[in-house]
Amino acid sequence: MRSSLRAGVAALVAAVGLATGTAHAADTPLRDLGAAKGKVVGTAVTGSRLTGTYGDITGTQFSAVTPGNAMKWGSVEPARGSFDWTEADQIVAFAQAHHQQVRGHTLVWHSQNPSWLTNGSWTSAQLSDLLHDHIDTEVGRYKGEIAAWDVVNEPFNEDGTYRSTLWYDGLGSGYIASALTWAHAADPDAKLYINDYNVEGVNAKSTALYNLVKSLKQQGVPIDGVGLQAHLILGQVPATLQQNIQRFAGLGVDVAITELDVRMQLPADSTKLARQAADFRSVVAACAAVTRCVNVTVWGFTDDDSWVPSAFPGYGAATPYDENYQPKPAYHAIAEALGGGTTTPPPTGACTAAYSVSSQWNTGFTGQVTISCSGASLSSWKANWTFGAGQQVTQAWNAACTQSGAAVTCTNASYNGSVPDGGSVTFGFNGSWSGSNPVPTVTLG
Ligand code: 9MR
């Protein structure tokens with residue numbers, strides 16, 4: 001029953017998934033560059049957003065997805081014994097339709113647990129049973145469908161002592177070995193990880209993680225890898241990152257960069273974006289240099305879907321794509337660190353047009369085109385494209401659009417012909433489609 005339901009969701013996702021195409025459609029996708037180097041390139045995702053341009057970029061650029069929140073205990077079992085797998089199933093179906101891995105995140109954490117669990121008062125035996133059942137249920141549900149699980153998340157304090165949590169306080173440090181053992185029993189093929197932040201460089205916290213992994217290996221506990229989250233601050237990539245990755249590899253485990261982002265104080269400017277690109281490049285290059293570093297995952301690929309602005313007011317712009325899904329210098333830096341030689345940053349001294357689909361339903365869609373100028377300006381404009389699959393513009397706003405056959409021309413309205421240097425203008429339209437809705441390339445004339 002569940003698998004036919006799952007297949008239905010996959011078909012739906014495939015049917016509405018847009019064909020490839022971004023502002024730089026000619027660039028080799030990050031997932032292909034990664035594959036050539038033996039690296040998985042992932043992104044955290046929000047299930048409800050996996051359509052239109054967001055779904056398009058997720059599917060074309062990345063070879064793995066991590067549910068940002070959908071698999072956390074508070075999401076899947078909000079009331080005791082009452083499960084909601086909707087978003088988690090949707091993300092798994094999307095991944096399968098796009099030949100992507102799923103990174104399961106996360107089974108044992110001190111945060112985002114349901115209130116019935118955190119507010120309960122449990123004996124150690126009850127707590128152990130609850131955790132065992134949770135792991136059995138969730139890992140078992142997705143048996144064979146999850147490449148790697150972040151089994152235990154953020155177990156350490158900054159000084160390398162164990163964090164006081166529901167789990168540590170109730171069960172002692174043995175909860176970590178128990179959780180790994182139970183997860184392995186529920187899905188022997190999934191790679192099992194411990195994941196933490198501020199463990200990217202060699203420091204007290206990463207050394208505690210190192211010693212734990214070493215001891216788990218010695219005891220024969222199933223541990224396959226460590227996740228270095230890499231929530232970084234502009235200009236602060238630890239100098240010892242590669243050395244640290246290498247020392248974990250030396251223990252015989254894999255390493256994944258699981259939640260990479262580089263936050264900056266807003267507003268972003270070209271100097272900060274260049275610095276950010278250098279930071280992304282050095283993180284990806286450090287992983288690329290170590291065979292056992294198997295995965296680099298960004299924690300959201302667009303600034304429009306990032307945890308940073310709400311967690312750190314005044315900070316943001318932490319991901320490789322801007323809020324309009326335009327690749328930033330960081331995107332090109334990731335590509336270069338993965339061996340992409342053909343990527344070209346957006347030309348300087350030019351005005352460019354970017355087409356995106358903001359929503360789509362069974363027969364129609366809403367699209368938009370943003371014309372941006374940098375080092376140049378316009379006093380009037382025409383945006384031209386050719387639809388590839390019989391789409392038809394039915395209505396436009398902030399521009400006058402005409403369509404002849406597949407060819408569309410949109411001319412500025414009386415009030416938005418002028419695009420200053422450093423500025424942009426956006427117009428929108430509704431269209432009809434059937435079969436597929438590939439994204440065309442827009443030229444300015
Ligand atoms: O991205 C997640 C965000 O939407 C949640 O509000 C937040 C709650 O703590 O968790 C975010 O993801 C976290 C991840 O699960 C574990 N490492 C830190 C991430 C950022 O907080």
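Residue numbers start at 1 and run along the sequence shown. Both counts, for ligands and for their atoms, begin at 1 and track the order of listing.
- Every N/O-N/O distance between W109 and ligand 1 stays at or above 3.5 Å.
- Nearest to atom 11 (C) of ligand 1 by heavy atom, out of K72, E259, M71, is K72.
- Residue-ligand proximity: Y197 is placed with every non-hydrogen atom at 4.0 Å or more from ligand 1.
- Side-chain contact of D304 with T302: a donor-acceptor pair under 3.5 Å is absent, judged by distance alone.
- Distance alone, capped at 3.5 Å, is enough to place a donor-acceptor pair between the E200 side chain and the A230 backbone.
- Comment: K191 does not engage D254 in a salt bridge, judged by the lack of any side-chain N to carboxylate O separation of less than 4.0 angstrom.
- Contacts between N69 and ligand 1 below 4.0 angstrom, taking non-hydrogen atoms only, involve the side chain exclusively.
- On a distance-only criterion, H105 and ligand 1 share at least one N/O pair closer than 3.5 Å.
- Counting only heavy atoms of the protein, atom 1 (O) of ligand 1 lies nearest to W299 NE1, 2.8 Å.
- Judged by distance alone, with hydrogens and angles left aside, the side-chain atoms of T106 form a donor-acceptor pair with the main-chain N or O of D150 at under 3.5 Å.
- In summary, the atoms of ligand 1 found under 4.0 Å from a heavy atom of W307, numbered by their order in the structure, are 1 (O), 20 (C), 21 (O).
- Residue-level proximity to ligand 1 for N153 is carried by the side chain, the only part with a heavy atom below 4.0 angstrom.
- Within the 4.5 Å cutoff, no side-chain heavy atoms of Y168 are placed close to those of H110.
- Aromatic ring orientation, H134 versus W73: parallel (interplanar angle below 30°, classes split at 30° and 60°).
- Residues Y175 and L127 have side chains not in contact (no heavy-atom distance under 4.5 Å, counting atoms from C-beta outward).
- Scanning the protein for heavy atoms near atom 8 (C) of ligand 1, the closest one is Q112 OE1, 3.2 Å.
- In the vicinity of E154, heavy-atom distances shorter than 4.0 Å reach the ligand 1 atoms 16 (C), 17 (N), 18 (C).
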